[in-house]
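Since this is a predicted model, take the numbers as computed values, not measurements.
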Amino acid sequence: MASKKASKPQILVQPVPEKRGYEFGGPLGAFGIVFGLPILVYTFTFVCNDISGCPAPSLLHPSTLTLNQLKYEVGWPEEGIAGLFDLQVTLWTLSYYAFSLFMQIFLPGQEAEGVPLACGGRLTYKFNAFPSAIVILLSLAIGTFMQGADFVVWTFLWDNYTQVITANLLISSTIALFVYFRSFTVPQPGALNANLRELAPGGHTGNPLYDFFIGRELNPRIRLPIPFVSEASRTVDIKVFMEMRPGLLGWTILNLSNVAHQYRTHGYITDSILLVTAFQGFYILDALYMEPAIMTTMDVIMDGFGFMLSFGDVVWVPHVYSIQSRYLSVFPLQLGWTGVALVLSVTAIGYSIFRGANNQKNRFRTDPNDPRVKHIKFIETASGSRLMTSGWWGLARHINYLGDWTMSWAYCLPTGIAGYAIFEGINPITGKLDKQAVQTPEMRGWGMILTYFYMLYFGVLLIHREMRDEEKCKKKYGADWDRYTSLVRSRIVPGIY
């Protein structure tokens with residue numbers, strides 16, 4: 001019998017990169033975000049503190065506010081801005097990144113191909129973020145079992161919190177600069193493209209600041225010279241690594257550090273901080289467990305990797321999203337059974353919508369004959385894609401965003417009507433004179449600007465993302481998208497928006 005000829009490898013040629021207009025206010029908006037958001041992260045940290053209150057009391061009396069008084073109340077370092085950086089803290093933070101990378105390379109994991117690129121090829125991904133997270137969390141659990149709330153990781157993160165922010169900011173900015181300059185080595189149109197490198201549609205406007213912010217290269221990758229591992233193991237997709245590993249798990253680690261601080265300070269752990277930490281931890285672990293679903297997200301398919309995603313992944317997400325547990329670590333609010341039941345109900349509703357919708361989409365895309373989605377109605381577009389018109393996605397075109405936003409309420413509600421001032425009093429644990437957080441009528445409610453910020457910001461973010469989705473789909477499907485929107489009229493909230 002004649003042997004079959006080996007198939008020739010496909011020769012892929014770099015296509016002409018697609019171009020899109022400015023987003024986020026163009027270069028001016030990019031300037032504001034690149035230089036403004038880092039300041040905002042530091043502001044949140046200083047304004048809501050364990051020295052004077054949340055917010056700092058002087059901020060409620062702007063007519064008598066002095067810079068020296070404000071510096072004292074927020075705990076501004078004596079060294080000034082230089083006090084925000086510590087080399088040893090930065091090196092320890094880098095070691096956390098290195099360990100996360102080590103886990104990705106050497107732990108076993110699922111390998112799968114992503115969606116087709118503009119050049120026609122597919123990138124291969126390795127997924128093991130969930131087992132990597134379990135290894136790290138088990139290590140922290142063992143340390144906590146041996147040393148309790150005084151475990152060195154927990155005290156290190158609390159005592160050096162602003163320096164950890166600076167370390168993450170420096171790391172994210174360095175990576176953003178690296179991928180920006182490296183993006184200029186992407187093959188030119190018509191050249192061979194063996195490594196499947198492409199520019200992002202919106203990332204090559206020619207404005208350096210904007211392109212640095214939004215991300216020039218779609219999927220920047222580096223290949224490490226490591227023997228005895230698969231090609232997928234030695235190839236690091238920088239975008240997916242940053243999005244799924246150090247920052248996302250770092251969010252949970254910071255929450256756990258805040259729980260430990262509450263116990264060290266007050267001698268007990270409240271139901272409110274447990275709920276926040278458990279809900280956010282479940283959300284994070286669920287995302288890590290469902291890691292392959294990231295291949296179909298806009299972040300991977302459409303967005304370049306630049307400062308926006310780099311900063312967002314490892315600075316904004318862990319440090320802004322953990323504000324609630326940091327607040328509760330200083331002000332130990334007890335919700336009681338009624339409050340707990342309310343928060344649990346909101347979370348259950350949000351998660352049911354979010355996970356139900358995403359699972360349905362993922363199953364429909366990967367296997368339309370799956371018994372769980374076989375009944376779904378759809379319209380077929382001229383491009384061959386199928387758009388669901390029943391099930392979760394028949395209720396609203398971006399119904400998963402509603403679930404995501406509803407869950408964000410459950411993260412903020414446990415902080416109650418937030419706000420406190422710090423007074424000296426007798427510490428019930430040590431019996432010595434110490435500072436205590438007390439909610440005074442003057443401070444009550446003002447802390448909500450900080451503890452409920454996530455909910456408001458996330459709502460705006462999801463609406464903006466939905467508008468980008470609509471624009472992309474309209475361009476991709478044309479008249480078919482008009483036909484689809486006539487059947488599924490709601491965008492996020494069925495019957496309302």
Side-chain angles (χ1 to χ4, degrees), residues 37-38 41 45 85-86 88-107 109 125-140 143 152-154 156-158 160-179 215 219-222 224 233-258 277 280-281 283-291 294 297 299-300 303 305-323 325-326:
L37 287 191
V41 175
T45 301
F85 170 78
D86 184 275
Q88 187 176 22
V89 172
T90 302
L91 292 175
W92 278 114
T93 305
L94 273 170
S95 70
Y96 166 65
Y97 282 73
F99 187 64
S100 297
L101 181 59
F102 178 87
M103 292 285 102
Q104 175 174 337
I105 295 170
F106 293 104
L107 274 186
Y125 296 85
K126 178 183 176 182
F127 300 113
N128 64 3
F130 183 75
S132 299
I134 296 302
V135 169
I136 293 173
L137 292 175
L138 282 176
S139 301
L140 295 173
V152 63
V153 173
W154 308 142
F156 173 85
L157 289 173
W158 184 269
N160 302 283
Y161 186 73
T162 53
Q163 290 75 23
V164 173
I165 293 175
T166 304
N168 283 324
L169 177 59
L170 291 173
I171 293 168
S172 63
S173 299
T174 300
I175 292 175
L177 284 169
F178 169 75
V179 297
N219 299 111
R221 295 179 151 212
I222 55 174
L224 302 175
S233 294
R234 66 170 63 99
T235 302
V236 180
D237 189 294
I238 299 175
K239 182 198 292 186
V240 174
F241 174 81
M242 292 289 282
E243 184 154 341
M244 297 303 296
R245 291 175 185 271
L248 201 57
L249 185 60
W251 175 10
T252 281
I253 293 173
L254 285 174
N255 279 340
L256 294 173
S257 172
N258 295 335
T277 303
Q280 293 182 352
Y283 174 85
I284 292 163
L285 290 175
D286 178 73
L288 297 177
Y289 184 78
M290 302 296 295
E291 186 184 15
I294 195 174
T297 62
D299 284 357
V300 171
D303 292 340
F305 183 78
F307 180 86
M308 179 181 72
L309 288 181
S310 186
F311 170 84
D313 289 339
V314 300
V315 180
W316 186 261
V317 166
H319 294 288
V320 172
Y321 291 11
S322 62
I323 283 177
S325 67
R326 190 168 178 84

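Under the 4.5 Å side-chain criterion, counting only non-hydrogen atoms from C-beta, Gln163 is not in contact with Trp92. Counting only heavy atoms from C-beta outward, the side chains of Leu107 and Val135 approach each other to under 4.5 Å. Contact check for Val89 versus Thr93: side-chain heavy atoms found under the 4.5 Å cut-off. Residues Leu224 and Thr235 are not in side-chain contact: their nearest non-hydrogen atoms beyond the backbone lie 4.5 Å or more apart. A heavy-atom distance below 4.5 Å is not found between the side chains of Tyr283 and Tyr321. Residues Phe85 and Leu170 form a side-chain contact, since some pair of their non-hydrogen atoms from C-beta on lies under 4.5 Å apart. The shortest side-chain heavy-atom distance between Leu254 and Tyr161 falls under the 4.5 Å cut-off. No side-chain heavy atom of Asp86 sits less than 4.5 Å from a side-chain heavy atom of Asn160.
Tyr96 places a side-chain N or O within donor-acceptor distance of the main-chain N or O of Pro246, the cut-off being under 3.5 Å.
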**Q.** Full working for side chain to side chain contact (heavy atoms under 4.5 Å, CB included) between Leu140 and Trp154
**A.** CA-CA 9 Å; Leu140 295 173; Trp154 308 142; 3.9 Å; yes
Q: Applying side-chain hydrogen bond (donor to acceptor under 3.5 Å, both in side chains), run through Asn168 and Tyr97 and close with a yes or a no.
A: CA-CA 10 Å; Asn168 283 324; Tyr97 282 73; 2.8 Å; yes
**Q.** Intermediate values then yes/no, side chain to side chain contact (heavy atoms under 4.5 Å, CB included), Leu137 and Leu285
**A.** CA-CA 11 Å; Leu137 292 175; Leu285 290 175; 4.1 Å; yes
Q) What's the verdict on side chain to side chain contact (heavy atoms under 4.5 Å, CB included) for Arg234 and Ile105, showing C-alpha distance, side-chain angles and the deciding distance? A) CA-CA 6 Å; Arg234 66 170 63 99; Ile105 295 170; 5.8 Å; no
(Q) side-chain hydrogen bond (donor to acceptor under 3.5 Å, both in side chains) for Asn255 and Ser325? Distances and angles first, verdict last. (A) CA-CA 6 Å; Asn255 279 340; Ser325 67; 2.5 Å; yes
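Under the side-chain contact (heavy atoms from CB on, under 4.5 Å) criterion, Val41 pairs with Ile165, Phe311, Val315, Trp316, His319, Val320, sequence neighbours left out. Remark: Thr174 engages no residue in a side-chain contact (heavy atoms from CB on, under 4.5 Å) (not counting sequence neighbours).
Between Pro318 and Gly250, the closest heavy-atom pair is CB-C, 4.1 Å. Across every non-hydrogen atom of Phe307 and Ser173, the tightest pair is CE1-OG, 3.6 Å. When all heavy atoms of Met244 and Ala129 are compared, the pair lying nearest together is O-CB, 4.2 Å. Nearest heavy-atom pair across Val300 and Asn219 is O-ND2, 3.5 Å. The minimum heavy-atom distance between Ser310 and Ser172, with the atom names listed, is OG-O, 2.8 Å. Minimum interatomic distance between Leu288 and Ala133 (heavy atoms only, all atoms of both residues): CD1-CB, 3.6 Å.
In this structure, CD1 in Ile136 is found 11.0 Å from OG1 in Thr252, a value given to the nearest 0.5 Å. One finds the CG atom of Asp313 at 8.5 Å from the CG atom of Leu248 (value rounded to the nearest 0.5 Å). The structure places CD1 of Ile175 at 14.5 Å from NZ of Lys239, a figure rounded to the nearest 0.5 Å. With rounding to the nearest 0.5 Å, the separation of CD1 in Ile222 from CD1 in Ile238 is 5.0 Å. How far CZ of Phe130 is from CD of Glu291: 11.0 Å, rounded to the nearest 0.5 Å. Note that OG of Ser100 and CG of Leu249 are 7.0 Å apart. Values are rounded to the nearest 0.5 Å.
The closest side-chain donor-acceptor pair between Asn128 and Gln104, if any, does not fall under 3.5 angstrom.
Checked against Asp237 for a salt bridge (charged side-chain N to carboxylate O under 4.0 Å, His left out), the options Arg245, Arg221, Lys126 give a single hit: Arg221.
Residue-environment remark: OH (Tyr289) stays at or below the threshold of 12 foreign heavy atoms within 6.0 Å.
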